[in-house]
Amino acid sequence: MNWNTLADINQLADIDALSINKPILIFKHSTRCSISSTALNRLERNWKPEDADKVTPYMLDLLQHRDISNTIADRYGIEHESPQALVIKDGKVVYHESHMGISYTDILHT
């Protein structure tokens, strides 16, 4: 799985624009959290190369960029959780889930 790194608040405008053509997955990951690592592993184990045609994945390192996570919460009206997956389509959140509720199938079929 080829993650794009979300490391700048200004990227959110780009993500909104890109989401008009293809949904964007934002995965908020805490590198110190075993649940977050498990959720990440589940996504990566299920990923198939052809899934890149369905969704573009971005990863946000929460330990380094909590400010971006807070901006995401404000921008899309979704309370921060960790781990958390959001799918952005046409500049709006069409899927969000956290912890072990994150579903690879749901992400791809949103």
When every non-hydrogen atom of L62 is compared with those of S82, the smallest separation belongs to CD1-OG, 3.2 Å

The side-chain contact (heavy atoms from CB on, under 4.5 Å) partners of M100 (sequence neighbours excluded) come to I35, T38, R42

Tabulate below the donor-acceptor pairs under 3.5 Å that side-chain atoms of residues 16-23 make, not counting sequence neighbours, or state none.
{"residue": "D16", "atom": "OD1", "partner": "Y76", "partner atom": "OH", "Å": "2.5"}
{"residue": "D16", "atom": "OD2", "partner": "R75", "partner atom": "NE", "Å": "3.1"}
{"residue": "D16", "atom": "OD2", "partner": "R75", "partner atom": "NH2", "Å": "2.8"}
{"residue": "S19", "atom": "OG", "partner": "D16", "partner atom": "O", "Å": "2.7"}
{"residue": "S19", "atom": "OG", "partner": "D90", "partner atom": "N", "Å": "3.2"}
{"residue": "S19", "atom": "OG", "partner": "G91", "partner atom": "N", "Å": "2.8"}
{"residue": "K22", "atom": "NZ", "partner": "A52", "partner atom": "O", "Å": "2.6"}
{"residue": "K22", "atom": "NZ", "partner": "T56", "partner atom": "OG1", "Å": "3.2"}

Q | Audit row: S30, L63, side chain to side chain contact (heavy atoms under 4.5 Å, CB included) steps and yes/no | A | CA-CA 6 Å; S30 173; L63 298 180; 4.1 Å; yes

Sequence neighbours excluded, the answer for side-chain contact (heavy atoms from CB on, under 4.5 Å) partners of S34 is none

Using only atom types and a distance under 3.5 Å, with no angle test, would you say the side chain of Q11 pairs donor to acceptor with the backbone of T5? yes

Heavy-atom nearest pair, D8 first then I68, reads N-CD1, 3.4 Å

Taken in chain and number order and not counting sequence neighbours, the residues that satisfy side chain to side chain donor-acceptor pair (under 3.5 Å) with S69 are K28, H80

Taken in chain and number order and not counting sequence neighbours, the residues that satisfy ring pair (Phe, Tyr, Trp, His ring centres under 6.0 Å) with H65 are none

To the nearest 0.5 Å, atom CD1 of I88 lies from atom CG of L12 at 8.5 Å

To the nearest 0.5 Å, atom CD1 of I72 lies from atom CG of L86 at 6.5 Å

All heavy atoms of F27 vs all of S36, minimum pair found to be CZ-O, 3.9 Å

Notebook entry, point to check: Just wondering, do L25 and M1 contact through their side chains at under 4.5 Å, heavy atoms?
Noted result: yes

Exercise. Below 4.5 Å, heavy atoms only, C-beta onward: do L40 and W3 meet side chain to side chain?
Worked result: yes

Output yes when a side-chain donor or acceptor of Q84 lies under 3.5 Å from a complementary backbone atom of E79, and no otherwise.
-> yes

Q) Is the number of heavy atoms from other residues, nucleotides or ligands under 6.0 Å of E50 CD greater than 12? A) yes

query: When hydrophobic residues are tied together by side-chain contacts of less than 4.5 Å, even through go-betweens, does M59 share a cluster with L108?
result: yes

The complete set of salt bridge (charged side-chain N to carboxylate O under 4.0 Å, His left out) pairs with one or both residues in residues 52-68, sequence neighbours excluded, reads D51-K54

Heavy-atom closest pair (S103 atom, Y95 atom, distance to 0.1 Å) is N-OH, 3.0 Å

Margin query: With clusters defined by side-chain heavy atoms of hydrophobic residues (ILVMFWY) lying less than 4.5 Å apart, directly or transitively, does V93 cluster with L60?
Written below: yes

Minimal heavy-atom distance between T110 and K89, with the atoms involved, is O-NZ, 4.1 Å

Looking only at heavy atoms, the pair that brings I24 and V55 closest together is C-CG2, 4.0 Å

Output for pair (N10 CG, I15 CD1), nearest 0.5 Å, gives 11.0 Å

Value for CG (N4) from OH (Y58), rounded to nearest 0.5 Å, stands at 4.5 Å

Checklist entry - Among the clusters formed by ILVMFWY side chains lying less than 4.5 Å apart, do L6 and I9 turn up in the same one? => result yes

